[in-house]
Amino acid sequence: MVFTFRWFGRKDPVTLAHIRQIPGVESVVTALYDIPASQLWPPAQLAALKAEIEAAGLRFDVVESLPVHEDIKLGRPSREALIETYCQNLRTLGEFGVKVVCYNFMPLFDWLRTDLALPLPDGSTVMSYDHRRIAHIPDPFAADLPAYFPLDESPDALKAAYRTITAADLWANLAYFLQRVAPVAEAAGVNLALHPDDPPWSVFNLPRIITNEAALRRVLELADSPANGLTLCTGSLGVNPDNDLPAMIRRLGSRIHFAHCRNVKITGERQFHEVAHPSTCGSVDMRAVMEAYCDIGFTGPLRPDHGRMIWGETGIPGYGLYDRALGVLYLRGLWEGVGGMMNDE
Ligand code: DNO
């Protein structure tokens with residue numbers, strides 16, 4: 001297991017110096033966040049990023065995300081050139097020693113919440129989701145929702161294009177993409193790690209397909225390469241009580257290339273809020289999750305995912321320093337407790 005920490009680059013109030021001081025964290029998860037999905041990632045920028053991370057005493061081996069252009073998800077003819085750009089980016093990242101690339105296949109939106117700062121009784125704030133409120137958001141693009149990569153087409157045009165896209169179309173377009181990129185990733189020494197949809201159900205009448213174990217298995221069957229793998233996100237999958245996370249980890253095994261650990265509390269049908277990482281705080285049994293990782297001999301990267309905002313911290317919702325630092329220490333403690341292999345052993 002490699003304990004990692006997400007960093008949003010220079011715009012992030014969390015610094016590499018902060019991350020370096022968290023015991024056991026060796027590696028940073030980041031991306032070139034300003035580059036639209038249609039563009040090549042400039043090697044000079046990657047070289048500077050890698051040098052900056054290494055100068056701080058950390059490693060750069062995971063990219064989250066290398067975004068997939070909407071035209072690829074829509075299956076438009078322009079996908080040919082865009083898939084070639086994606087392949088070239090994978091080759092470049094491989095040359096820089098990046099081992100894992102996390103991406104998602106959610107139409108238009110990445111993760112979605114209806115409240116970015118729900119107060120908890122302990123005085124902290126967390127992000128929450130209530131599906132009943134989705135219907136009352138008139139224009140999701142105008143709402144204050146998180147989105148990490150710039151779109152290069154007007155939201156209205158994209159919304160119109162998605163009107164005729166079904167879940168079956170999305171599966172076909174994912175297959176088309178994976179059959180082309182997986183061999184390139186494998187040759188480049190990069191493991192692809194598809195992130196589940198968050199939340200794992202349809203939003204704004206857009207299809208979402210990466211929602212449960214059957215879907216994850218189907219993804220693995222789309223391209224027969226060990227590089228075609230998954231990000232197992234306990235927070236995304238864990239809001240559906242039907243998803244048995246430890247069992248999924250045991251069965252998906254070596255095709256899990258990246259572990260995201262986040263805890264959530266299910267408060268109703270398609271309603272949840274995020275919580276601190278410990279099992280006692282939410283619906284995810286983190287110890288059982290870490291035991292499952294131990295059983296499969298997991299050696300890949302893990303990062304603490306969204307935390308609360310505590311101790312007066314402000315910043316990127318879900319990505320404050322303090323609660324994620326508490327979280328990663330807790331996860332590392334569990335890992336030690338269940339007898340997981342430490343990298344310094
Ligand atoms: C949320 C993250 C996601 C993830 C992307 C991967 O905090 O886990 O935004 O980075 O879905 O492409």
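Look at D198 and R113 and you find a salt bridge, because one of the NZ, NE, NH1 or NH2 atoms lies within 4.0 Å of a carboxylate O, short of that distance. Between E70 and R76 there is no salt bridge, since no side-chain N of the basic residue sits under 4.0 Å from a carboxylate O of the acidic one. A salt bridge links R91 with E84: at least one charged nitrogen is closer than 4.0 Å to a carboxylate oxygen. Under 4.0 Å is where a charged nitrogen must lie from a carboxylate oxygen, and between R308 and D323 at least one such pair does. Electrostatic pairing of R251 and E213 counts as a salt bridge here, judged by a charged N lying under 4.0 Å from a carboxylate O. No salt bridge links D305 with R6; every basic N to acidic carboxylate O contact stays at or beyond 4.0 Å. In this structure, R217 does not pair ionically with E221, as no charged nitrogen and carboxylate oxygen lie closer than 4.0 Å.
When all heavy atoms of P42 and I35 are compared, the closest pair comes out as CD-CD1, 3.5 Å. For T30 against W7, the heavy-atom pair with the smallest separation is OG1-O, 2.7 Å. Residues L116 and P317 come closest through the heavy atom pair CD1-CG, 4.1 Å. The two atoms that bring V275 and V264 nearest to each other are CG2-N, 3.7 Å, heavy atoms only. For the pair W335 and C294, the tightest heavy-atom approach, listed with the atom from each and the gap, is CZ3-N, 3.4 Å. Across all non-hydrogen atoms, the minimal contact from G229 to H257 is CA-CD2, 3.4 Å.
A donor-acceptor pair under 3.5 Å is absent between the side-chain atoms of T231 and the main chain of C102, judged by distance alone.
Seen from the ring of F5, R303 does not count as a face-on cation partner, given the 6.0 Å and 45° thresholds. Seen from the ring of W201, R208 does not count as a face-on cation partner, given the 6.0 Å and 45° thresholds. Annotation: cation-pi pair K265/F272 absent, no NZ/CZ under 6.0 Å from the ring centroid and within 45° of its normal.
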Exercise. Step by step, would you call Y33 with S65 a side chain to side chain donor-acceptor pair (under 3.5 Å)?
Worked result: CA-CA 8 Å; Y33 286 102; S65 305; over 6 Å; no
Problem set entry | Full working for side chain to side chain donor-acceptor pair (under 3.5 Å) between D130 and T114 | CA-CA 6 Å; D130 182 342; T114 50; over 6 Å; no
For this session: Determine, stepwise, if the pair D156 / K159 fulfils salt bridge (Lys or Arg N to Asp or Glu O under 4.0 Å).
Result: CA-CA 5 Å; D156 284 342; K159 271 190 284 185; 3.5 Å; yes
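The distance from atom SG of C233 to atom CG of N104, rounded to the nearest 0.5 Å, is 11.0 Å. A distance of 12.0 Å separates NZ of K73 from CD1 of I165, quoted to the nearest 0.5 Å. Separation of atoms SG (C281) and CG (L120) is listed at 9.5 Å; rounding is to 0.5 Å. Atom-to-atom distance recorded for N228:CG and L178:CG is 4.5 Å, nearest 0.5 angstrom. In this structure, CG in L232 is found 7.5 Å from OG1 in T234, a value given to the nearest 0.5 Å. Considering OG1 of T125 and CD of E313, their distance stands at 9.5 Å, rounded to 0.5 Å.
The number of heavy-atom neighbours closer than 6.0 Å to CG of D295, taken from other residues, nucleotides and ligands shown, is above 12. Few gaps surround CZ on R250; more than 12 heavy atoms of other groups in view lie less than 6.0 Å from it. Within a 6.0 Å sphere centred on CZ of R20, heavy atoms belonging to other residues, nucleotides or ligands number 12 at most.
The ring of F96 has its center no closer than 6.0 angstrom to the ring center of F60. The distance between the ring centers of Y319 and H306 falls below 6.0 angstrom.
Ring-plane geometry between W311 and Y322 is classed as tilted, the angle between the planes lying from 30 to 60 degrees on a 0 to 90 degree scale. Between H131 and Y129, the ring-plane angle classifies as tilted under the 30° and 60° cut-offs.
The closest side-chain heavy-atom distance from L174 to I210 is below 4.5 Å. Residues V338 and Y293 have side chains not in contact (no heavy-atom distance under 4.5 Å, counting atoms from C-beta outward). Residues V62 and K99 are not in side-chain contact: their nearest non-hydrogen atoms beyond the backbone lie 4.5 Å or more apart.
With no hydrogens or angles considered, no side-chain donor-acceptor pair links D197 and T211 at under 3.5 Å. With 3.5 Å as the limit, one finds no donor-acceptor pair spanning the side chains of H195 and E64.
Both I296 and M248 are part of a single hydrophobic cluster, where members link through side-chain heavy atoms under 4.5 Å apart. When hydrophobic clusters are built by joining Ile, Leu, Val, Met, Phe, Trp and Tyr residues whose side-chain heavy atoms come closer than 4.5 Å, directly or via intermediates, V289 is grouped together with L334. At a threshold of 4.5 Å between side-chain heavy atoms, the hydrophobic network of Ile, Leu, Val, Met, Phe, Trp and Tyr places V29 and L32 in two separate groups. Side-chain heavy atoms closer than 4.5 Å link hydrophobic residues (I, L, V, M, F, W, Y) into clusters, and following such links, possibly through other members, connects L302 to L329. A continuous path of Ile, Leu, Val, Met, Phe, Trp and Tyr side chains, each step under 4.5 Å between heavy atoms, connects L66 with I72, placing both in one hydrophobic cluster.
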